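Worksheet: one structure, shown below.
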Amino acid sequence: MAHQISVFAENKPGRIEKITRLLSEEKVNIRAITISSANGFGVIKILPDQPKKGYDILRSNNIPTYLQEVIAVIIPDIPGGLHQISFVLNKYNLNIEDAYGFVVESGKKAVLVLQVENQPQAQEILKHNGFQLLSDEEIYRF
Amino acid sequence: MIWDKAIEAMARDDLMKLQEKKLQHTLRRCQNTPYYRSMFKNNHIDPSSIRTAEDVHHIPPTSKEDLRKNFPLGFLATSRDEVVRIHSSSGTTGTPTVIYHSSEDIDAWSDLVARSLYMTGVRNTDVFQNMMSYGLFTGGLGMHYGAERIGSMVIPIGAGNTRRQIWFLRHFRSTVLHIIPSYALLLSTLIEADGLDPRKDLNIHIILLGAEPHSEETRRRVQDSFTAHAYNSYGLSEMNGPGVAFECLHQNGMHLWEDAYLMEIVKPETLEPCKPGELGELLLTTLDREATPLLRYRTKDLTYIMEEPCPCGRTHQRIARIQGRTDDMFIFRGVNIFPIQIEKVLMNVSEVGSNYRIILDRDDFKDTLRIEVEIIPELFFGDLLRLERLQERLRGELRSEILVTPEVVFVEPGRLPATEGKAVRVIDQRKL
Ligand SMILES: [Zn+2]
């Protein structure tokens with residue numbers, strides 16, 4: 001399974017820089033990053049190559065950080081590629097809470113990262129429908 | 001379980017009689033002071049005509065300002081030779097206020113503190129780590145003398161220097177702490193940062209909270225962080241210091257020692273007496289003090305009297321925890337707000353830390369109220385929506401408490417200034 005770390009950050013200059021600096025100092029690489037912000041604060045989601053290590057680094061710096069399982073799935077980087085996934089999940093009434101993606105091979109392959117309400121069930125369904133799910137190591141191999 | 005049963009559980013009628021006798025004695029002593037002598041004269045008051053607790057209403061109250069203006073000797077009722085100690089409260093503006101103590105005064109004060117400590121279960125077997133500053137401030141020495149009188153082993157460590165505090169807590173297995181509530185909460189997180197569990201690895205049973213008005217929710221947080229019983233105490237340097245009023249084991253209001261102080265609760269604007277249970281300013285008259293007797297001293301502290309008898313058997317009336325001070329209230333868009341109201345709401349929400357700041361500002365001629373709270377790492381689940389809901393919930397709960405909607409700002413832990421002393425919670429940046 002793939003893991004993501006979510007980090008709380010104030011919407012203030014330097015806060016994101018601090019997080020990426022702490023990770024890079026300890027040689028944790030970031031494969032994908034997404035930031036969503038609300039009223040005065042934000043949550044940064046990071047897909048690192050070493051999730052547990054990244055989590056420990058940030059927590060030991062007293063930064064609110066959460067480590068969780070996510071679904072990383074390969075989709076074709078073509079129009080309608082994303083729809084294939086949402087179509088399947090919707091058929092089983094599984095709500096997508098958050099999603100972000102990154103292209104690994106332009107025009108060919110992309111990785112979609114998903115947070116779904118019922119993660120184990122969603123995994124089974126996606127596998128059953130022929131999708132390839134990635135582990136932390138596999139994500140980084142691309 | 002009662003230190004001085006004859007006094008602490010005295011029948012109310014007898015207590016009233018004792019108060020009146022002591023009041024007359026105090027009035028006689030007041031005539032030795034330049035200030036009260038001329039005050040009686042200017043107001044055409046014959047002190048011998050004042051006999052009962054009701055009669056004191058004819059006397060104008062004494063304020064901190066009066067103490068300052070009559071520095072240094074205006075309130076001294078004995079000769080200088082009889083004074084064995086002075087205490088002083090730090091004046092934010094100019095001259096500090098000074099209280100003189102005779103050796104009888106120190107003795108009586110120590111006894112009030114001893115009976116207060118004994119009431120919360122402090123015994124001669126205890127190790128008493130006194131984390132209040134020693135010196136002119138009354139919190140350190142006042143409690144020290146009381147704890148020594150009981151026979152506890154006192155560690156007079158004073159305030160601050162957390163590393164050393166933790167060393168003593170560990171090596172002497174301290175059982176009782178005397179500490180400022182905001183520092184107690186900071187201390188528990190620093191103990192945890194050292195890899196110790198303040199609940200299990202230490203031996204603290206009783207925590208005496210003083211020097212800072214705090215809410216019931218803060219008390220609960222302190223109790224939870226150490227698994228100990230925390231007791232509220234009340235005192236001010238003008239009335240000796242600690243030992244004016246203290247909670248008993250029931251933790252429901254503080255017994256104010258009425259054999260040593262005559263209390264009144266009045267409306268701050270008009271000085272009219274409040275009804276029992278009605279919130280007002282506490283005025284205190286010393287009944288035992290030889291060197292610096294004070295009449296109807298304006299404490300600026302807001303509280304009310306809890307009339308119903310306490311199950312512990314003590315007959316001295318209880319006052320509620322301090323609900324605010326007449327001078328720490330701020331006015332925001334016409335609404336009177338006490339910081340403690342905000343604290344009460346915040347300390348009830350487990351997702352936010354114990355440190356917080358209230359910032360008043362003005363932008364484009366509109367006043368803004370911003371409350372900064374720290375997010376607790378253990379209760380962060382990576383969820384933006386959840387935090388937004390928490391923000392909304394805090395706004396709503398604060399609105400129902402203070403009647404205006406503040407802006408709630410989440411900050412990372414450790415980003416708000418932490419202090420080993422009294423916390424500065426309110427920052428008013430509104431320019432007039
Ligand atoms: Zn009681």
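Note that the structure is a prediction, hence the values are computed from the model and not measured. So that the names make sense, note that chain A is the first sequence line, chain B the second, and so on, each numbered from 1.
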Which atoms of B/Val411 approach chain A - backbone, side chain, both or neither, heavy atom under 4.5 Å: both
Examine whether an atom of B/Glu388 lies under 4.5 Å from a heavy atom of chain A, and if so say whether it belongs to the side chain, the backbone or both; otherwise answer neither. both
Taken to the nearest 0.5 Å, the spacing of B/Leu387 CG from A/Asn39 CG works out to 11.5 Å
Aromatic ring pairing A/Phe8/B/Phe380, orientation class (parallel under 30°, perpendicular over 60°, tilted between): perpendicular
Regarding A/Lys12 and B/Glu412, does a basic nitrogen lie under 4.0 Å from an acidic carboxylate oxygen? no
Tell me, do B/Pro377 and A/Asn62 make a side-chain contact under 4.5 Å, heavy atoms counted? yes
Gap between atom CG of B/Asp383 and atom CD of A/Glu97 - 0.5 Å precision: 7.5 Å
A/Thr65 portion near chain B, given a 4.5 angstrom heavy-atom threshold: backbone
Should we count CZ of B/Arg170 as having more than 12 external heavy atoms under 6.0 Å? no
Which heavy atom of B/Gly382 sits nearest to which heavy atom of A/Lys45, and what is that distance? O-CE, 3.9 Å
Mind checking whether B/Glu378 and A/Arg59 have side chains closer than 4.5 Å, heavy atoms only? yes
Of all heavy-atom pairs between B/Ile375 and A/Pro64, which one has the smallest distance, and what is that distance? CG2-CG, 3.9 Å
Answer whether the closest heavy-atom distance between the side chains of A/Phe41 and B/Leu384 falls below 4.5 Å. yes
Determine whether more than 12 heavy atoms belonging to other residues, nucleotides or ligands lie under 6.0 Å from atom OH of A/Tyr92. yes
Atom NE2 of A/His128 with >12 non-hydrogen neighbours under 6.0 angstrom: no
